[in-house]
Amino acid sequence: MLFETHAWVTLDDAVAVYNVYSDSLVATIPVGVTPYFPKLTPDGTKVLVPNFGSNTVSVVCTATNQVLATIPVGVAPTAVAVDPTSTTAYVTNSGSGTVSVISVPTDTVVGTISVGSTPVDVTVARDGSRVFVSNSGSNNVSVIDPTTNTVVQTLTAGTSPNGLTTSIDNTKLFVVNSGSNNVSVFSTTTNTLLSTIAVGSSPQKIAANPVNPLFVYVTNNGSNSVSVISTATLTVVATVAVGTGPRGLSVTGDGTQVWVANEGDSSVSIINTATNTIAAALPTAFPPRGVTVGRVGSALSPGEPIDLLDPYQLEEVTESVCIIVEKVYASCQQRECFPTLTIPLPAGTPPFTFVSLTFANGIILPGSIVITPIPSRPNFSRVQFTLQIPYTLTLKDATGAVFTLPGTLPDIAKDIVLYFPPTRPEFDLNLRVETRSELLASPLFTPTCVELAVGSFVVTKVTGLVQLLVPAFGYCPEPPVCEEFPVGPSNPCVTFFDTTLTPFPSDFFPPQLDNC
């Protein structure tokens, strides 16, 4: 299979792996004691499982369904969150009032952050700028700056705050209050309380729909249901009955299903998000606590059969090939605006008229790159460089003469943070930029110059050449013969003498009939 979407469900000292679209059990992976709420890394390569009873985190390889590492953390870990780049994970240690910071590439703890009493859940802002931790014992939420790994603010929540998530547009933070049966909604811009939404009894966890940003889902452990909340109206728009004692939940990447772990009756309820009804119910061997769902890639053999029930399946793969390509390890986007770009007029006959303004891709000035590792953020660096964007302005004067004026936009000084993966010294990482620049308003002519307003979109990338094993459909078919462009008029006699193209006319001879 090319791609599979799996669900990882924590049971009694093990993780059960299911194929989401066939609802079949793929594997059972032994982990630590009493695993709680697992988390799939955004790149789909690892699942991090906090083991409440053994004070560790098991790191599961999604390609092999094996434990890669076991990481000691604080006392009674409960939940994990991973930043958007899949490089840093945060683990809540409910028994020690701390958060362990884990380097995902190296599977090691690189920091410990003191938070409130009994931290039980954690989530990372969609842009990675903040980490939020719910402190059940102190009825508040710690706001962490990941660049310094320090608590920068504390938000007052309801009673026994538990599950956390941010809206897809990153403007709202939803906090599930297990003791007060409601959800607190905060603005992520101002960290102020926007609303409080009543839900079911003893609510536990919350998850956002990654495709439809209008909905988030809350498990109600005491009322055996899931509340569907509108992120627009901040109201409950549906309540779905599930199994007994629901706790963890997760939404599939295509937004069509919500998987709910029912600890009370050892089952998993699968909700159809289009109808908010139960699509299936799976029995589990032991009471499930948490679940995380996502798509993973798997290496293929040419003879492996194709699963026609998998919607991500493509066509029959004939072979696996190794290719050398430039991989993008990190990228980010920015905008630059030049409201008044003044260009002197050429020596011509006024008045001048505007013909066109074209741009070339931006270039990094040689010698301007400075990359400084950030000690508090493993594998991240401060990246400074100077960017130039060439342009060509074309004008026409009163006599019709055309003038072409080359130049560059004002130098752009960049100072950003980017992920730089750990590599051997011989491996070269490249810094690349892609730009697109546009004229924002009509040119304004003065007696001596023309004034332009220009906006530029800038994407900065960290790249490196890698070898990838990819599934292939065989070699490309033989191409058709090239069509020659006719140099002169075609010879009409060629077609005329071809008896296939020009048969003898059927009405050439008069009809010869034997009867009247």
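- Taken from NZ in K327 to CG in L429, the straight-line distance is 10.5 Å, to the nearest 0.5 Å.
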Check the pair D107, K46 against salt bridge (charged side-chain N to carboxylate O under 4.0 Å, His left out), reporting the backbone distance first and the verdict last.
CA-CA 11 Å; D107 297 327; K46 296 178 178 179; 3.1 Å; yes
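- In summary, the side chains of S142 and N135 do present a donor paired with an acceptor at a separation below 3.5 Å, with no hydrogens or angles considered.
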Just do the side chain to side chain donor-acceptor pair (under 3.5 Å) check on N93 and S100 with the steps written out, would you?
CA-CA 7 Å; N93 303 307; S100 295; 2.9 Å; yes
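- A donor-acceptor pair shorter than 3.5 Å can be found between the side chains of S456 and S437.
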Give the table of side-chain donor-acceptor pairs shorter than 3.5 Å for residues 29-39, with sequence neighbours excluded, one pair per line with atom names and distance.
none

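- Among all heavy-atom pairs drawn from S134 and N162, the shortest one is OG-O, 2.5 Å.
- Taking a cutoff of 4.0 Å between a charged side-chain nitrogen and a carboxylate oxygen, K414 and E336 qualify as a salt bridge.
- Without hydrogens or angle criteria, N177 side chain to G158 main chain gives a donor-acceptor distance under 3.5 Å.
- One side chain, Q204 or S202, offers a donor N or O that lies under 3.5 Å from an acceptor on the other.
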For T92 and T78: C-alpha separation, side-chain torsions, deciding distance, then whether side chain to side chain donor-acceptor pair (under 3.5 Å) applies.
CA-CA 6 Å; T92 52; T78 56; 2.8 Å; yes
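- Judged by distance alone, the side chains of N221 and S201 never bring a donor and an acceptor atom under 3.5 Å apart.
- Formation of a donor-acceptor pair under 3.5 Å by the T188 side chain with backbone atoms of N170 is found in this model.
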Enumerate, atom names and distances included, each donor-acceptor pair closer than 3.5 Å involving a side-chain atom of residues 234-250, sequence neighbours excluded.
unit_1	atom_1	unit_2	atom_2	d
T235	OG1	T233	OG1	2.7
R247	NH1	E263	OE1	3.2
S250	OG	V293	N	3.1

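- With no hydrogens or angles considered, a side-chain donor-acceptor pair links S58 and N51 at under 3.5 Å.
- E438 has a carboxylate O that lies under 4.0 Å from a charged side-chain N of R436, or vice versa, which qualifies the two as a salt bridge.
- None of I364, L387, I416, T435 except one satisfies the side-chain contact (heavy atoms from CB on, under 4.5 Å) rule with T460; the exception is I416.
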Can you give me every donor-acceptor pair (side chain of residues 371-385, partner residue at least two apart or in another chain, under 3.5 Å) with its distance?
unit_1	atom_1	unit_2	atom_2	d
S376	OG	T147	O	2.2
R382	NE	D415	OD1	2.9
R382	NE	D415	OD2	3.3
R382	NH2	D415	OD2	2.6

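- Between the side chains of S225 and N220, at least one donor-acceptor pair of N or O atoms lies under 3.5 Å.
- Put simply, the side chain of T284 gets close to the backbone of S266: a donor and an acceptor are under 3.5 Å apart.
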Can you list the steps and then say if D23 with Y18 is a side chain to side chain donor-acceptor pair (under 3.5 Å)?
CA-CA 6 Å; D23 297 340; Y18 292 88; over 6 Å; no
Stepwise side chain to side chain donor-acceptor pair (under 3.5 Å) test for N272 and T277:
CA-CA 5 Å; N272 181 330; T277 58; 5.2 Å; no
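- Considering I144, L173, N191, D145 in turn, D145 is the only one that fulfils the side-chain contact (heavy atoms from CB on, under 4.5 Å) rule with R130.
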